[in-house]
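These figures come from a predicted structure and were not determined experimentally. This chain uses plain numbering: 1 for the first residue, then up along the sequence.
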Amino acid sequence: MGSHHSARAGSDVWLTPPGVVTALGAFDLDPCAAEPRPWDTARRHIAPPDDGLAATWEGRVFLNPPYSNLTDWLGKLADHGRGTALIFARTETRWFVDLVWQRASAVMFLHGRLHFHLPDGSRARGNAGAPSCLVAYGDGDALRLAGSGLAGTFVNLGNSSLEAA
Ligand SMILES: C[S@@+](CC[C@H](N)C(=O)[O-])C[C@H]1O[C@@H](n2cnc3c(N)ncnc32)[C@H](O)[C@@H]1O
């Protein structure tokens with residue numbers, strides 16, 4: 001969506017189940033946060049009308065990106081090198097090959113289907129409709145993911161990320 005996000009932001013507002021975020025430990029930044037939101041996902045949040053894609057990212061990033069320009073968001077996290085993304089496990093796609101298989105440190109394929117949450121905090125009635133995975137960039141995030149206790153299968157990819165500050 002880039003700079004054209006405001007009118008359509010509502011269609012992208014599917015919140016991460018809170019137990020998934022807390023299992024991964026504390027994050028410094030959620031660059032695509034919901035506003036208003038029922039709970040915090042990081043120490044600092046960027047939400048529309050501010051543009052988290054254009055912002056400077058610092059520290060450990062949690063990313064559940066808008067799908068309308070997923071590759072831009074995930075590419076920025078791969079370049080940043082420190083953080084964890086929640087995305088659909090579309091393992092065959094060009095973006096998954098380029099940004100996950102070839103660049104991530106580790107992936108956890110979640111067992112079962114997630115139910116995302118709505119901006120008021122309630123759990124969506126239907127499940128996500130597709131399998132999800134958590135993608136770690138950087139050794140620290142890979143370790144956190146491995147030790148998260150979430151129900152999933154952890155795969156160490158061994159790609160090295162330049163750890164950002
Ligand atoms: C899939 S939701 C995830 C929300 C939250 N990060 C979470 O995991 O619970 C994506 C969010 O990105 C926000 N968003 C969309 N475009 C954005 C932009 N350019 N900058 C910051 N946030 C944006 C939307 O408002 C929406 O709340």
Problem - Close side-chain approach of Leu99 to Tyr137, heavy-atom, < 4.5 Å - result: yes

Practice task
Using atom types as modelled and distance alone, determine if a side-chain donor or acceptor of Thr22 lies under 3.5 Å from a backbone N or O of Pro18.
Solution key: yes

Completion exercise
Quick note, salt bridge (charged side-chain N to carboxylate O under 4.0 Å, His left out) partners involving residues 29-38, not counting sequence neighbours, are Glu35-Arg37, Arg37-Asp40

Practice task
Please list all pairs passing the salt bridge (charged side-chain N to carboxylate O under 4.0 Å, His left out) test where one or both residues lie in residues 111-136, with sequence neighbours left out.
Solution key: none

Handout entry: Heavy-atom side-chain proximity of Pro31 to Leu53 below 4.5 angstrom
Key = no

Exercise for the section: Hey, could you give me the CG/OG distance between Asn64 and Ser132, rounded to the nearest 0.5 Å? Expected result: 8.5 Å

Exercise for the section: Of all the heavy-atom pairs spanning Cys32 and Pro65, show the shortest one and how long it is. Expected result: SG-CA, 3.7 Å

Completion exercise
Applied to residues 83-99, the salt bridge (charged side-chain N to carboxylate O under 4.0 Å, His left out) test, sequence neighbours excluded, yields Arg94-Asp98

Practice task
Could you check if a side-chain atom of Trp95 sits within less than 4.5 angstrom of a side-chain atom of Leu74, using non-hydrogen atoms only?
Solution key: yes

Practice task
Compare all side-chain heavy atoms of Val20 with those of Leu114 and state whether any distance is below 4.5 angstrom.
Solution key: yes

Exercise for the section: Looking only at non-hydrogen atoms, find the nearest pair between Ala33 and Ala47 and report the distance. Expected result: O-CB, 3.3 Å

Completion exercise
Hits for side-chain contact (heavy atoms from CB on, under 4.5 Å) against Phe109, two or more places apart or cross-chain, chain-then-number order -> Ala89, Thr91, Phe96, Trp101, Val107, Cys133, Val155

Problem - Check against side chain to side chain contact (heavy atoms under 4.5 Å, CB included), Leu15 and Leu118 - result: CA-CA 6 Å; Leu15 305 186; Leu118 304 176; over 6 Å; no

Practice task
State, with a plain yes or no, whether a side-chain heavy atom of Leu157 is found less than 4.5 Å away from one of Ser105.
Solution key: no

Exercise for the section: Please round to the nearest 0.5 Å and tell me the distance separating atom NE2 of His80 and atom CZ of Arg60. Expected result: 10.5 Å

Handout entry: Residue pair Thr16 / Phe62, side-chain heavy-atom distance below 4.5 Å
Key = yes

Practice task
Answer yes or no: is there a side-chain heavy-atom contact under 4.5 Å between Thr84 and Arg144?
Solution key: no

Handout entry: Criterion side chain to side chain contact (heavy atoms under 4.5 Å, CB included) on Phe27 and Asp141, from CA distance to verdict
Key = CA-CA 10 Å; Phe27 288 94; Asp141 277 76; 4.0 Å; yes

Handout entry: Summary of ring-ring contact (aromatic ring centres under 6.0 Å, His included) pairs that have at least one residue in residues 110-132, sequence neighbours excluded
Key = Trp39-His117

Problem - Inter-residue atom distance Leu86.CG - Leu110.CG, 0.5 Å rounding - result: 7.0 Å

Handout entry: ring pair (Phe, Tyr, Trp, His ring centres under 6.0 Å) partners of Phe88, counting only residues at least two apart
Key = Tyr67

Problem - Non-hydrogen side-chain atoms of Val61 and Asp28 separated by less than 4.5 Å - result: no

Fill in the blank from the handout: CG of Leu150 to CG of Leu24, rounded to nearest 0.5 Å, is 6.0 Å

